[in-house]
Each structure stands twice: as structure tokens, then as C-alpha cells.
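Single-structure report; data block below.
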Amino acid sequence: MEHNDIAVGLDIGTTKIVAMIGRKNEYGKVEIIGIGKSKSLGVHRGVVNNITQTIQSIQQAIQEAEADSGLKISEVVVGIAGQHIRSLQHSDYITRPNPEEVIDAEDIHSLCNQVHKLVMLPGEEIIHVLPQEFKVDGQAEIKEPIGMYGGRLEANFHVVVGQVSSIRNIGRCVKSAGLELSAVTLEPLASANAVLSQEEKEAGVALIDIGGGTTDLAIFKDGIIRHTAVIPFGGNVITEDIKEGCSIIEKQAELLKIKFGSAWPGENKDNEIVSIPGLRGREPKEITLKNLSKIIHARVVEIIEQVYLEIKNYGHDEQKKKLIAGLVLTGGGAQLKHLKQLAEYITGMDTRIGFPNEHLAGTNDSETTSPVFATAVGLVMNSLEKGKSRYQEEAVLSESPSEEVEGEETEEKMSSHEEEEETTSKRVARKSIFDKWAEKFKDFLDNAE
């Protein structure tokens, strides 16, 4: 696809795979022009466990999106999640050779590049290096150091780490489906872009994306990403509990959850009963809605408590780290009745349901703005903004899974191009970094074969 103003997000989830095509309209809003959805068969808790089935599901979603938009898709931005994801805080610094010159994007890139040399556990690699606050010659709390003078540039980083094999498997599936992989983005970061406003990120907010296999968490404060986590429970565990508790098949359990499910048992009266047809002429089963919501309630409480534990680990009890905007629930699991009330009850924090219509054009249909598509919308937005965004946000896209492995080589390339790049504008410099990254990532996937 040769259109520069068009981007494709591919959300490889546990229950569904979504391909979404979007572009910026003349008002700077994102317009969704094509969407394809298929049942995800080869993914478990955010991790690919059957390559062949995943490739088929990706192809099906892509074909549907192509038919919907009338465009041919050649490259995609992919979201990554799964229980293997973890995050850590790290601070690093560089001493600039010439403090008489102002700090530019190249300096920040070499600082980020240095973080990529961190020694990880065997089988792990860095997905994202996100700068939080900078320090220039000891002066703290600088959000944007570009254009300042200084000899020593320091920064605190939020580093997201994942398993090499899981990232490679996703790359393998995308490539085998006949697509180019232009970037890998952490799913909670994509969802946050789609459903949170800048005011919420400044005030302090926790985004909870309840998917089929995992629940993703992203915490923002002062406009900066502070904490990310992936909890290995999601909507599928609730369905599984209903299946076991009511002795019915999975399809019926899923329907029961969607149509009659509630996270608050007190809402249902004892005499409200739903009848489920028996298998192959067997007697139908009668289930009280009160029992159904008790089963759902028990599991949802567990998920919210796990999330709340992560929020406590971040330290939201401290005055400086207080999350004034509270919680935002999104993802397919956020559509469960009375979930908002239960989350408020357990955490004591203000809660709202997040719809990805914050940055979408008004022409998009109501289906696109469902919480189910939050991640896909966020991936499209990230891809469209890659050339225009500030460095902090662009870092989401400009770090590659292969950079840690080939970090030194990248730095050699950087130094050889340094004089040449200094004469160009910042935007051109950034673009060339991204191009280099894309080429290196393609080589990485070819070598993985």
C-alpha cells in the first residue's frame, strides 16, 4: 500500500484478530476506512501457540479489511501482549562530546540506544524504551530537553521487556501471512492512546484493558507512562468458570455471560431463571441469574484485585503519585454489566468505561467506537503519528525487538552518519532512524528463518 497517510493496525488477541485501516482526515482526526475481524484460534493468553491457525486467522481478518476498504494491505503495526511481558524502571546518562551545541534528537536516540545494552535474563529482550523525565547537567524534571545546552544528559526510563520466542513467533505469523511488519507496540500503550485524554494522563489515571486472555494495565501521571503490567486473566476465565459451574458447553457459557451476565449479584432476584437447551435431546438446564452473577462476581473480583495490587505496587497511596482521574476500563471485558460499580467499590477510585472515540472522526460507525476495538484503534493512531509525534511518544514505535541484539552495530552506523544528520532537520533525522530500524527488523526476521 503506497499511501503514506494510511495505516493498518493488527491486534492479535486471544479471542479475536482485528485488522483496522485508518487515515487522518483534514481536521487531524482518525477516520477508519476498513475493518476485518476473525476468530483467533492459535493464541492463548496473548501468546501464539499454533502458528498455522494464527496465520489463517490473520489472513482472514486482512482479507475482510481489504474487501471493506477496497485497498491492498502490505504492511501492518502489530500489538504485543501476553503474560511474558514485564516492565522495569532504569536510569542512564550520556556525556556529550560538545556541550556548546544544543541537544538534538540524535542525543536522545543514543541515550535510548544505551539502555538497549542492558543485560536481560536469558530469552528476554527489550520491546520499548520510554523516556520519562530528563536531567540536563543536574537540572531535574525536564520533559523536553531538545534545544537546551548541556554536557551531561540523564533520563529515567520505563523499559518494557518480553520473551524473544514470543516476539519472533508473532513476526513469523505476520510474515507468513504475506505482510510486512513495520512496528511492534505494547497493547496497553496502544489502548491508552485510543481512550485516554491528555488531561487524564496529566492528572493520573490507570487504564485497565480487559481482553479475552489477558488484562493489560497502563498507569500515567503528569502525562508520562509510569507503570505497565499484563495480568494473565481475562474474559475467557469467566466463561470457563460459567461452563464448569453450570455444566454447559463453552458457546452457551459465552452467550449467557454476554446476555445475562452481571458482576453484581445483588441486582438479580432469586426467581429469575434462564433455560438452556440440552445437548442432543437431553433435558434443558435451568440456571438462576443470581447464581450466574455469583460465579462471574467471584472471578471479576479476583481480576480487579490483581490489578489493584499492581496499582498499589506503583505507589498510588503517595500524594505525589495519586491517580486523580481514577480508572478507565476498556476492552471486550469492560462491557460486562455493573463492572464499573464493582471496580469503584473494590478500589474506591472514580471509574469510567473507555470508548475509543476520543480521537476518531465523527463519521465512524458505532461498532468502531466499541471498547472491543480500543487496541486496534490505538495501533492505527500510533502508526499515523510516527512521523509527527514528540520523541517520548515516538519511542513507542522506534524501538525494535532486534535492537538489543544488534545495538552496537546500530551505534556504529549512527556515528558514521552523525555529521550528515546534523545538517538535516530533526524530522528528517528521526525518519532516517526509523527507516534504518525497519530494514534491520526485516533482516532480523529473515535470519529467524
Side-chain angles (χ1 to χ4, degrees), residues 13-16 39-47 49-50 81-85 187-188 208-217 229-279 282-311 327 329-347 351 353 370-372 374-375:
T14 308
T15 46
K16 63 173 188 342
K39 195 168 167 49
S40 177
L41 298 169
V43 182
H44 179 68
R45 290 197 172 159
V47 179
N49 65 359
N50 187 321
Q83 58 202 59
H84 60 93
I85 303 281
E187 290 194 354
I208 303 165
D209 184 348
I210 306 169
T214 58
T215 297
D216 306 334
L217 171 72
V230 177
I231 292 146
F233 299 122
N236 287 3
V237 200
I238 301 170
T239 307
E240 194 68 28
D241 285 359
I242 298 168
K243 184 180 113 178
E244 298 295 325
C246 302
S247 305
I248 53 177
I249 60 170
E250 197 167 326
K251 196 175 170 185
Q252 292 170 336
E254 184 67 28
L255 277 170
L256 259 186
K257 179 180 80 175
I258 294 165
K259 282 200 164 174
F260 303 105
S262 161
W264 201 271
E267 282 296 313
N268 302 112
K269 297 179 180 69
D270 291 323
N271 58 357
E272 287 181 302
I273 290 171
V274 62
S275 181
I276 291 169
L279 295 174
R282 291 178 179 83
E283 286 291 303
K285 278 195 172 63
E286 290 192 341
I287 293 157
T288 68
L289 292 188
K290 201 167 191 78
N291 281 347
L292 175 68
S293 57
K294 276 180 180 169
I295 293 168
I296 294 172
H297 175 80
R299 182 60 81 178
V300 173
V301 166
E302 190 183 354
I303 293 171
I304 294 172
E305 280 178 348
Q306 286 268 6
V307 170
Y308 195 38
L309 188 66
E310 286 289 345
I311 295 171
L327 310 176
L329 302 168
T330 192
Q335 297 177 113
L336 188 64
K337 274 196 220 81
H338 305 117
L339 181 64
K340 173 183 173 297
Q341 289 85 335
L342 184 64
E344 283 180 343
Y345 177 73
I346 292 173
T347 63
T351 307
I353 304 294
S370 157
V372 174
T375 304

Side-chain donor or acceptor of Gln252 paired with backbone N/O of Pro277 under 3.5 Å: yes
- request: Might you work through the side chain to side chain contact (heavy atoms under 4.5 Å, CB included) test for Ile311 and Thr347, ending with a clear yes or no?
  value: CA-CA 10 Å; Ile311 295 171; Thr347 63; 5.6 Å; no
message: Could you tell me if the side chain of Val301 sits less than 4.5 Å from the side chain of Glu305, heavy atoms only?
response: yes
query: Between Ile287 and Ile276, is a side chain to side chain contact (heavy atoms under 4.5 Å, CB included) present by the stated rule, with each step listed?
result: CA-CA 8 Å; Ile287 293 157; Ile276 291 169; 3.3 Å; yes
field: With Glu250 via side-chain contact (heavy atoms from CB on, under 4.5 Å) - residues at least two apart
entry: Thr239, Glu240, Lys243
query: Under the side chain to side chain contact (heavy atoms under 4.5 Å, CB included) criterion, do Leu256 and Ile248 qualify, and how do the steps go?
result: CA-CA 10 Å; Leu256 259 186; Ile248 53 177; 3.6 Å; yes
task: Answer yes or no: is there a donor N or O on one side and an acceptor on the other, between the side chain of Arg299 and the main chain of Ile238, under 3.5 Å?
output: no
field: Approximate separation, where rounding is to 0.5 Å, of Ile296 CD1 and Phe260 CZ
entry: 11.5 Å
field: Inter-residue atom distance Gln306.CD - Ile208.CD1, 0.5 Å rounding
entry: 12.0 Å
Pair Leu339-Ile304, side chain to side chain contact (heavy atoms under 4.5 Å, CB included): steps then yes or no: CA-CA 10 Å; Leu339 181 64; Ile304 294 172; 4.0 Å; yes
- request: Ignoring hydrogens and angles, tell me if any N or O in the side chain of Thr14 forms a donor-acceptor pair with the backbone of Gly46 under 3.5 Å.
  value: yes
- prompt: Does a side-chain N-to-carboxylate-O contact under 4.0 Å join Lys257 and Glu254?
  reply: yes
- prompt: So do the side chains of Cys246 and Ile295 get within less than 4.5 Å of each other, counting heavy atoms only?
  reply: yes
task: Would you give the length of the straight line joining atom CZ of Phe233 to atom CD of Glu302, rounded to the nearest 0.5 angstrom?
output: 4.5 Å
- prompt: Is the side chain of Ser40 donor-acceptor paired with the backbone N or O of Gly13 at a distance under 3.5 Å, no angle test?
  reply: yes
